[in-house]
Amino acid sequence: MAAIVSEQLLDWYDAHARDLPWRARPGDPAPDPYRVWLSEVMLQQTTVAAVKPYFEAFTSRWPTVEDLAASPEEDVMAAWAGLGYYSRARNLVKAARAVAERGGFPETEKALRELPGLGAYTAAAVAAIAFDRRAVVVDANVERVVSRLFAIREPLPGSRKAIRTCAEEITPDSRAGDFAQAMMDLGATICTSRDPKCLLCPLQTACRGRAEGDPALLPVKAPKKAKPVRQGKAWWIERDSAVWLIRREGKGMLGGMRALPDDGWSAGGDGSGAPPLDGEWQGAGVVRHTFTHFALELSVERQSTREEPPGHGEWWPVDQLEEAGLPTLFAKAARLVLA
DNA sequence: GACCCGTGGAC
DNA sequence: TGTCCAAGGGT
């Protein structure tokens, strides 16, 4: 059964592979590990459509991992703005510098796993796709496809071990990279979360979930928790057509990103923090923004001044705010003020 | 294992 | 409109 599955899937992939910017075309030399790695990191929890323009921008600006390694971190952070999960950008720079230092990407799953930002999935994916190593690549697509193919009814995340065992079983010894990408293409276009296209599926005759009648109900997932709503304040301080931006510290929420000064809402603040300047503040409105595990109502207040706010920051020309690389929350706040 | 960490699109 | 979700990793 395992050999049949991988064979049918690879045949399907040869005919129906998606044409994606980070994939080698037929006739291309071996895939570029830099582009494979960069795309895999960008694609973590992020849709193909969202990644495409960022991938083009990054590879144009930094064509090699050495170029990226030589770039100031804040430039990379600004280029990542809007893509989310900013620890990826922080780790991207660290990993690029480690790779440049050692003279190239490691080629084994185990060694790749040592690089910051490469977990079990990404290390396996890069090993398989860039270096043609046999590796068991398990992402959300594979979890869905395998759950249905083997009719695994135990809910996630408890079923992960069983899923991995089954994925291991059907991973071929050769073309592991194509197999991994085939599983992802199948999951993205045929074995979709909602309304799977079973009639078009190359694995329909092997699929136990389909045989048992309810593939769309798999995988079963644990119920989600409700998101609390937090309140916060942010301050727009303007002087000579420039706005005061700070850079958020550490590894926490939006860490490393440029931002408006705020009252500490991300640390659990309740919106009662003191403003960074005295004087008359003018309400500019409220931004609503939903993060992974809470929603935020951010009140934006503005003031024009001739003073210098305390602490570290920079005056950023308002007509060049696009280049500051504000994360979406603060880009929304800026839009509100400038509307 | 649980929780933290963004965002925009589909329905 | 709210909900779900997408090529996860770090702690």
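No experiment lies behind these values; they were computed from the predicted model shown. Labels below follow one simple rule: chain letters A, B, ... track the order of the sequence lines, proteins then strands, and each chain is numbered from 1.
Rounded to whole Å, the separation between the C1' atoms of dG10(C) and dG8(B) comes to 24 Å. Nucleotides dC3(B) and dA7(C) are separated by 23 Å at their P atoms, to the nearest Å.
In this structure, the CG atom of Leu156(A) is 14 Å from the C1' atom of dG8(C), given to the nearest Å. Taking atom CH2 of Trp80(A) as the reference point, atom C1' of dG9(C) lies 12 Å away to the nearest angstrom. Nucleotide dT7(B) holds its C1' atom 14 Å from the CE atom of Met42(A), rounded to whole Å. Lys227(A) has its NZ atom 14 Å from the C1' atom of dT1(C), to the nearest Å. Atom C1' of nucleotide dC5(C) and atom CG of Asn141(A) are separated by 11 Å, given to the nearest angstrom. Atom CD in Glu143(A) sits roughly 13 Å away from atom C1' in dC5(C) (whole-Å rounding). Residue Tyr54(A) contributes atom OH, which lies 19 Å from atom P of dA7(C) at whole-angstrom precision. Taking atom CD on Glu114(A) and atom P on dG9(C), their separation rounds to 14 Å, with Å as the unit.
An OP1 or OP2 oxygen of dC5(B) is reached within less than 4.0 angstrom by no side-chain nitrogen or oxygen of Ser87(A). Residue His289(A) has a polar side-chain atom (N or O) positioned under 4.0 Å from OP1 or OP2 of dT7(B). Listed pair Arg90(A) / dC5(B) fails the phosphate criterion, with no side-chain N or O lying under 4.0 Å from OP1 or OP2. When the side-chain nitrogen and oxygen atoms of Thr46(A) are compared with OP1 and OP2 of dA7(C), none of them lie within a distance under 4.0 Å. In this model, the phosphate group of dA7(C) is not approached by any side-chain N or O of Arg23(A) to a distance below 4.0 Å at OP1 or OP2. Within the structure, every side-chain polar atom (N or O) of Gln45(A) is placed at least 4.0 Å from both OP1 and OP2 of dA6(C). At dC4(C), none of the side-chain N or O atoms of Ser193(A) fall inside 4.0 Å of OP1 or OP2 (strictly under the cut-off).
Within the nucleic acid shown, Leu92(A) has no heavy atom closer than 4.0 Å to any nucleic acid atom. Residue contacts for Ala180(A): at a heavy-atom cut-off of 4.0 Å it reaches no nucleic acid atom on any strand shown. Looking at heavy-atom distances under 4.0 Å, Ala140(A) makes contact with sugar-phosphate atoms alone, never a base. Contact annotation for Thr122(A): backbone-only contact, meaning every heavy-atom pair under 4.0 Å involves sugar-phosphate atoms and none involves a base. Within 4.0 Å (heavy atoms only), Gly158(A) reaches no atom of the nucleic acid at all. Heavy atoms of Trp22(A) sit under 4.0 angstrom from at least one base atom. Looking at heavy-atom distances under 4.0 Å, Leu83(A) makes contact with a base.
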Show me the protein contacts with nucleotides 2-4 of chain B, counting only N or O atoms at under 3.5 Å.
residue: dC3(B); atom: OP1; partner: Lys225(A); partner atom: NZ; Å: 2.6
residue: dC3(B); atom: OP2; partner: Lys225(A); partner atom: NZ; Å: 2.7

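For Arg247(A), the salt bridge (charged side-chain N to carboxylate O under 4.0 Å, His left out) partners two or more places apart in sequence, or in a different chain, are Glu73(A). For the salt bridge (charged side-chain N to carboxylate O under 4.0 Å, His left out) test, no residue two or more places apart in sequence or in another chain qualifies with Glu114(A). Glu168(A) pairs by the salt bridge (charged side-chain N to carboxylate O under 4.0 Å, His left out) definition with Arg134(A), not counting sequence neighbours. With sequence neighbours excluded, the residues that form a side-chain contact (heavy atoms from CB on, under 4.5 Å) with Pro21(A) are Lys52(A), Phe55(A), Glu56(A). Every residue two or more places apart in sequence or in another chain that forms a side-chain contact (heavy atoms from CB on, under 4.5 Å) with Ala182(A) is listed here: Leu9(A), Tyr13(A).
Set against dA7(C), dG9(C), dA10(B), the side chain of Arg194(A) has dA10(B) as its closest nucleotide. The side chain of Pro327(A) sits closest to dT7(B) out of dG6(B), dG10(C), dT7(B). Listed nucleotides dC5(C), dA7(C), dG6(B) differ in distance to Lys224(A); the shortest reach to its side chain belongs to dC5(C).
Using modelled atom types, one side-chain atom of Arg148(A) and one backbone atom of Leu218(A) make a donor-acceptor pair closer than 3.5 Å. The main-chain N or O of Trp265(A) is found under 3.5 Å from a side-chain atom of Arg230(A) such that the two form a donor-acceptor pair.
Each of Arg18(A) and Arg113(A) was assigned the nucleotide of DNA chain C with the nearest heavy atom; the assignment lying further toward the 5' end belongs to Arg18(A).
Ring centroids of Phe291(A) and His293(A) are separated by 6.0 Å or more, keeping the two rings apart. If you look at Trp62(A) and Tyr34(A), their ring centroids are not closer than 6.0 Å.
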